[in-house]
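A short write-up of the structure that comes next.
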Amino acid sequence: QVQLAESGGGLVQAGGSLRLSCAASGRAFDSYAMGWFRQAPGKERDVVAAVNWSGRRTYYADSVKGRFTISRDNGKNTVYLQMNSLKPEDTAVYYCAARRGWGFIRANEYDYWGQGTQVTVSS
């Protein structure tokens with residue numbers, strides 16, 4: 001099992017940047033693919049970005065390509081989401097999630113979740 005805890009959310013003006021972190025505890029962090037998801041009020045939880053166990057393979061939702069970067073440091077058991085050029089429509093609760101294997105972008109395909117961190121982008 002792995003336990004996940006997000007941090008780094010907050011309030012930022014449009015055009016600004018934030019970096020989210022997700023610290024993992026438990027065993028074998030480097031055997032898990034990691035994903036960042038977000039959920040706005042009244043909407044489904046959608047994938048933002050994902051990274052495989054080594055960090056060499058990544059996936060981005062079209063809406064964040066070129067603005068967000070996912071990375072991981074297996075030595076620190078942490079995955080990051082660097083968010084630049086933020087827009088009001090990026091406002092949501094952001095969650096990190098973990099599962100073994102690669103190529104999964106649906107929330108119900110992930111096994112472990114953090115508690116979420118709020119990101120609010122003002123116009």
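One is the number of the first residue; the rest follow in order along the sequence. All values derive from a computational prediction rather than experimental measurement.
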- Query: Can you get from Val51 to Leu18 by hopping between Ile, Leu, Val, Met, Phe, Trp and Tyr side chains that sit under 4.5 Å apart?
  - Reply: yes

State whether the side chain of Asn84 and the backbone N or O of Thr69 hold a donor-acceptor pair below 3.5 Å, judged by distance alone. no

d(Arg100 CZ, Ser31 OG) to nearest 0.5 Å is 3.5 Å

Could Lys65 and Asp62 be called an ion pair, given the rule that one side-chain N must be under 4.0 Å from one carboxylate O? yes

message: Just checking Trp113 against Phe37, ring centres under 6.0 Å apart?
response: yes

### Salt-bridge contact Arg38-Asp90 (side-chain N to carboxylate O under 4.0 Å)
yes

Heavy-atom nearest pair, Lys76 first then Thr78, reads O-OG1, 2.8 Å

Determine whether Met34 and Phe29 make a side-chain contact, defined as any pair of heavy atoms from C-beta on separated by less than 4.5 Å. yes

- Arg99 side chain vs Glu109 backbone, donor-acceptor pair below 3.5 Å: yes

Here the pair of heavy atoms bringing Gly26 nearest to Asn77 is O-ND2, 4.5 Å

On a heavy-atom basis, the closest approach of Ala40 and Ala92 is N-CB, 3.9 Å

Min side-chain heavy-atom separation Gln118-Thr91 under 4.5 Å: yes

Would you say the side-chain atoms of Gln13 pair up with the backbone N or O of Ser122, donor to acceptor, closer than 3.5 Å?
no

- Query: Going by the angle between their ring planes, with limits at 30° and 60°, are Phe68 and Tyr94 parallel, tilted or perpendicular?
  - Reply: tilted

Assess Arg45 against Tyr110: is NZ or CZ under 6.0 Å from the centre of the six-membered ring, and within 45 degrees of the ring's axis?
no

d(Ser21 OG, Gln82 CD) to nearest 0.5 Å is 9.5 Å

Do Val48 and Leu4 belong together in a cluster built from hydrophobic side chains that touch within less than 4.5 Å? yes

Value for CD1 (Ile70) from CG (Asn52), rounded to nearest 0.5 Å, stands at 10.0 Å

When every non-hydrogen atom of Ser123 is compared with those of Ala14, the smallest separation belongs to CA-CB, 4.4 Å

If hydrophobic clusters are built by linking Ile, Leu, Val, Met, Phe, Trp and Tyr wherever their side-chain heavy atoms come under 4.5 Å apart, do Phe104 and Val47 end up in the same one? yes

Q: Verify the cluster assignment for Val64 and Tyr80: are they in a single hydrophobic cluster under the rule of side-chain heavy atoms below 4.5 Å apart?
A: no

Side chain to side chain contact (heavy atoms under 4.5 Å, CB included) between Met83 and Val119: does it pass, once the steps are laid out?
CA-CA 10 Å; Met83 305 187 295; Val119 171; 3.9 Å; yes

- Item | Hphob cluster co-occupancy, Trp53 + Tyr59, side-chain heavy atoms under 4.5 angstrom | no

Correct closest heavy-atom pair for Trp102 and Ala33 would be CE3-CB, 4.1 Å

**OP:** Return yes if some donor-acceptor pair links the side-chain N/O of Glu6 with the main-chain N/O of Gln115 below 3.5 Å, else return no.
**Re:** yes

Partner of Cys22 under side-chain contact (heavy atoms from CB on, under 4.5 Å), picked from Val79, Leu81, Thr117, is Val79

